[in-house]
K.L.:
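Next up is a structure, given as structure tokens.
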Amino acid sequence: MLAALIVPVVARLRYELGFILALAGVGLSAAASIWSLVYVLDNGTMHYNLGGWAPPVGIEYVVDLISAFVAVIVTSVATLVIIGTRRWADREAGDRLGSFYGLVMLLITGLVGMVVTGDLFNLFVFLEISSLAAYALVFLGGGRAMLAGFRYLILGSVGGSFYMLGVGFLYFSTGTLNMGEMKDILTDDATARSVQAGAAFIFAGLGLKMALVPMHLWLPDAYTFAPSSVNTLIAPIMTKVGAYAMIRMFLSVFPDGYLKDVVPIGDALLVLGLIGIIFGSVAAMSQKDIRRMLAYSSISQLALIAVGVGLGTPLGLVAALLHIMNHAVMKATLFMAAASVRFTSGITQVADFTGLGRRMPFTMGAFTLGALAMVGIPPATGFFSKWYAVQAGIESSQWIVVAVVLVSSLLTAVYLFRILESAYLHPLQPEPSHGHDVPDGFGETEQELALEAQAREAPLDMAIPTVVLGLSTVVLGVLNAVIVINILEPGIV
Amino acid sequence: MIETYSSITPLIAVLLPVAAALLVLLTGERFRNLRDSWSTIAALVMVAVVASMLPDVLDGRVPQTTIIEISPGIDIMLRADSAGMIFALLASSLWVLASVYAVGYMRAEHEHKQTRFFVAYALSLGAAAGVAFSANLLTFVLFYELLTLVTFPLVTHRETEAAIVAGRKYLTYTLSGGLMLIGGTAWVHMLGIDGTFVAGGLMADESISKATAWGLLALLMVGVGVKSAVMPLHGWLPSAMVAPTPVSALLHAVAVVKAGVFGVVRMIVFVFGAELLREMDAWQVIAVLAAATLLIGSMLALRHDNLKRRLAYSTISHLSYIVLGVALLGPIALTGALLHIVGHGVTKITLFFVAGAINAHTHKENVSQLDGIGRQMPITMGAFTLAALSMAGVPPFVLFTSKFYLGWGAAEVDQQIFMVVYLVSGVLAAGYLFPVVYRAFGKRSPDHVAYSEADMRMVVPLAITGILALVLGIVPNLPFSFFDLASEVARTAFDQGIPITGGAQ
């Protein structure tokens with residue numbers, strides 16, 4: 001039953017005919033995820049014991065509403081991104097295309113595995129699978145990506161080790177690795193120091209994976225210098241799964257309120273999240289490279305998820321989970337659009353986006369939708385995660401949360417409207433403006449003109465996934481109540 | 001009591017401009033005559049649709065559309081109540097004229113990207129209709145934010161440095177205001193209060209602490225205060241005058257800023273309610289701010305030579321007429337304020353139409369350049385004169401009627417001081433508009449000798465609105481029973497009618 005989620009993906013590993021098989025793999029995985037979500041909606045949580053060994057001896061997979069929800073997001077966004085970046089992969093991976101798609105599949109396997117596992121150690125295994133695949137994919141970029149990937153590798157491994165250490169502490173205190181059982185045991189007795197230490201280590205490990213400030217250092221370089229086919233895939237889903245694992249700790253591993261009252265992890269998430277929201281947005285404002293800007297924006301958006309988790313209330317968790325979905329879709333849209341722009345014209349600098357709104361109406365239209373969703377203009381998705389976060393903040397009388405979440409909208413608008421302005425409001429060819437008799441940097445201008453001349457609408461197989469993602473920001477926003485009422489609210493009880 | 005019934009008509013009214021925008025977009029620049037007629041057709045249909053709800057609304061039967069549950073327990077809901085009808089009827093009927101005018105203006109000025117312009121123009125009307133018909137706070141926030149968004153390309157339409165700077169300023173102000181609204185709305189819901197608007201105040205029967213009420217008031221009123229340009233939140237409006245004149249005319253005299261003051265009506269009358277605001281002693285704060293804006297705006301208008309900027313400050317001043325009227329918390333003042341929404345809309349759009357026609361025809365934009373222009377463009381300047389008389393509150397023009405009620409309303413609640421403010425500001429309005437009339441007709445200049453009017457597509461709409469400014473003053477119920485609607489709002493809000501009803505039928 002559950003194997004459907006994983007097996008087809010793993011099975012495709014060795015094949016050389018990358019794209020088709022990869023697409024089939026991830027597509028099947030998406031179909032299976034959707035099917036499990038429907039199944040869980042009707043019949044309640046699914047359990048599957050790997051190899052037939054019952055927990056706590058064997059490894060248990062648990063698909064409840066939340067994990068099915070996240071699995072659907074991960075696999076469907078990945079499907080669209082893989083379709084959309086096929087041309088990039090062809091260009092970037094070259095003769096290593098087979099291993100490229102192999103790694104992509106490993107990455108997605110790891111992520112889906114993290115989502116559906118009910119076992120703490122197994123989660124570590126999948127975490128490492130996905131991380132190793134991600135390091136290797138970043139390395140494919142060559143050049144500066146090597147350094148970025150190396151940094152990512154070091155920090156990522158440190159994060160993984162911290163998580164592992166934490167799990168070790170828990171195992172020594174409780175004698176189990178199964179999440180459900182762990183929670184039962186800890187609910188009876190969680191006074192041990194080692195449990196607290198374990199919680200702290202897990203927090204540090206997962207915090208790094210979700211790029212919580214100040215553990216974000218690996219992210220901007222990795223996103224900037226990784227191949228376009230890679231950052232487009234990693235950016236929307238990878239950190240989200242880290243955030244999901246964090247939520248999982250709150251929901252299914254530690255007793256209710258433990259991470260708030262006994263170990264102040266909730267507060268730590270809250271504080272770091274609030275700092276991260278502001279820091280990420282402000283840092284994004286000053287970036288010249290769009291990928292770097294989007295990377296800092298990711299840090300800010302993930303921090304919003306952290307704030308939702310940190311509040312710890314059902315409403316806060318709804319905000320966090322909804323934002324996992326929203327941000328996956330929005331960031332996929334923005335990165336897809338950025339990748340399409342770079343594909344057709346080589347443009348990566350924000351300043352060079354001038355006039356692109358005319359040249360690439362569909363791509364930039366999708367970008368605009370994604371950007372507006374990020375800013376939080378209703379009825380696009382981004383508004384609603386903020387809406388619930390603000391409500392959760394008010395509910396817990398955390399006024400600073402309310403203020404920061406609201407202000408972050410404005411900050412987001414600052415860095416995203418910069419691009420919209422240059423794409424739509426600046427003319428294609430810079431007209432000689434009054435007061436500028438001598439154009440400075442003449443050579444650069446020529447180069448820009450050459451870039452712009454090349455710019456045209458992206459090929460259909462890039463533009464369509466981008467537009468689909470862009471439109472889904474609006475559709476999902478309108479339908480958010482359906483998701484919240486049927487999936488998230490019952491799921492977090 | 002008001003009864004509601006389910007009907008899709010309010011939704012149609014909101015979607016019509018969206019349909020028009022799509023048609024405009026699909027038709028494109030190549031078939032510009034076809035493209036430009038879509039707006040006018042949609043506007044006419046929209047007026048018909050909105051007006052078709054009028055008999056029911058006047059009977060106290062309110063059509064309502066529930067679209068979708070957008071957040072647990074909160075629906076996106078449209079409801080064409082009397083207050084919403086006033087705003088929607090005003091915006092849609094002036095859109096008919098403005099769309100004709102815009103075609104003439106945009107072609108005369110050879111503006112670029114006209115397709116984008118007309119798309120955004122139509123969408124703005126849809127968002128404004130959405131604001132008018134919003135039945136609860138969250139729906140209001142939704143359309144209020146959308147209105148910000150779709151008007152941004154209009155403000156920055158010229159794509160010059162000044163336009164982009166103005167656009168940023170506009171976004172900063174209005175998005176910040178929107179965030180305040182979102183925060184306030186979330187707070188209302190977290191208090192467990194249903195956000196559906198109720199005449200007399202949805203918080204009237206709730207027990208909330210004074211501090212909470214003040215916090216909510218600050219958030220919500222600043223939210224709507226930005227678009228209604230109450231000082232010190234007015235900074236965006238004069239800068240936004242870089243937009244093409246049809247934008248200034250319809251949006252900065254009717255749709256956007258009136259969405260702001262309409263929001264003030266919604267917040268004060270339908271969210272907080274008179275009783276709560278009196279208890280909190282909050283209305284004085286709003287009233288004093290509005291009175292200050294009213295006077296300072298008028299005075300600033302005096303010293304601007306650029307006609308559009310002068311009109312912008314006049315708009316700021318007149319918006320605060322309305323805010324003040326609402327804040328006085330009396331049925332008569334409220335009726336006056338709602339009539340002022342209509343009257344000022346008709347009058348100010350005329351003035352902007354004229355400013356645009358002069359600019360498009362003669363490329364003059366400063367008052368000091370207008371000597372003798374009355375000879376060259378007698379119809380245009382005639383309309384300007386009618387509108388100027390109306391602005392100054394000369395009877396029997398429409399703004400006399402509304403100012404009469406506003407002043408009476410101030411007296412009714414024993415705040416004669418505000419009556420004086422209204423009167424002084426009326427004199428100031430004469431002070432900043434009559435010189436224009438005098439220059440146009442009383443002075444001579446070699447530049448303006450021969451008769452030559454602007455494009456008829458500009459002249460006819462502005463003549464109609466100019467005459468309307470007079471006709472509405474004599475027969476305020478023509479053509480859409482604005483007076484009855486306004487007094488109906490006042491009656492339901494305060495549970496008491498105003499002493500005289502009807503007006504001339």
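Order of the sequence lines sets the chain letters (A, B, ...), proteins ahead of strands, with each chain counted from 1.
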K.L.:
Against chain A, label B/Tyr144 side chain, backbone, both or neither, depending on which of its atoms sit under 4.5 Å from a heavy atom there.
P.N.:
neither
K.L.:
So which of A/Pro378, A/Ala403, A/Ser409, A/Ala413 has the largest heavy-atom pair count under 4.5 angstrom toward chain B?
P.N.:
A/Pro378
K.L.:
Just wondering, do A/Phe383 and B/Leu142 contact through their side chains at under 4.5 Å, heavy atoms?
P.N.:
no
K.L.:
To the nearest 0.5 Å, what is the distance between CG on A/Leu372 and CG on B/Leu149?
P.N.:
5.0 Å
K.L.:
For the CG atom on A/Leu41, are there more than 12 heavy atoms of other groups (residues, nucleotides or ligands in this structure) within a distance under 6.0 Å?
P.N.:
yes
K.L.:
Which atom pair, heavy atoms only, marks the closest approach of B/Ile70 to A/Asn480?
P.N.:
O-ND2, 2.6 Å
K.L.:
With sequence neighbours left out, what residues match A/Glu421 under salt bridge (Lys or Arg N to Asp or Glu O under 4.0 Å)?
P.N.:
B/Arg168
K.L.:
For a side-chain contact (heavy atoms from CB on, under 4.5 Å) check, start with the C-alpha distance between A/Trp387 and B/Leu138, then their side-chain angles and the critical distance, and finish with the verdict.
P.N.:
CA-CA 10 Å; A/Trp387 165 250; B/Leu138 190 57; 3.8 Å; yes
K.L.:
Take atom CD1 of B/Ile68 as the centre, draw a 6.0 Å sphere, and report whether it contains more than 12 heavy atoms from other residues, nucleotides or ligands.
P.N.:
yes
K.L.:
Tell me, side chain or backbone of A/Leu315 under 4.5 Å from chain B's heavy atoms, or both, or neither?
P.N.:
side chain
K.L.:
Under 4.5 Å, heavy atom to heavy atom: which of residues 185-194 of chain B reach chain A? Give them by number, or say none.
P.N.:
B/Thr185, B/Ala186, B/Trp187, B/His189, B/Met190
K.L.:
Under a 4.5 Å cutoff for heavy-atom pairs, which residue among A/Val484, A/Val402, A/Val478 has the most contacts with chain B?
P.N.:
A/Val478
K.L.:
Would you find more than 12 non-hydrogen atoms of other residues, nucleotides or ligands less than 6.0 Å from A/Phe362 atom CZ?
P.N.:
no
K.L.:
Under 4.5 Å from any heavy atom of chain A, what part of B/Ile164 do you find: side chain, backbone, both or neither?
P.N.:
both
K.L.:
Heavy atoms only: give me the nearest A/Ala481-B/Ser71 pair and the separation to one decimal.
P.N.:
CB-N, 3.6 Å
K.L.:
Would you say B/Thr172 and A/Val414 make side-chain contact, with heavy atoms under 4.5 Å?
P.N.:
no
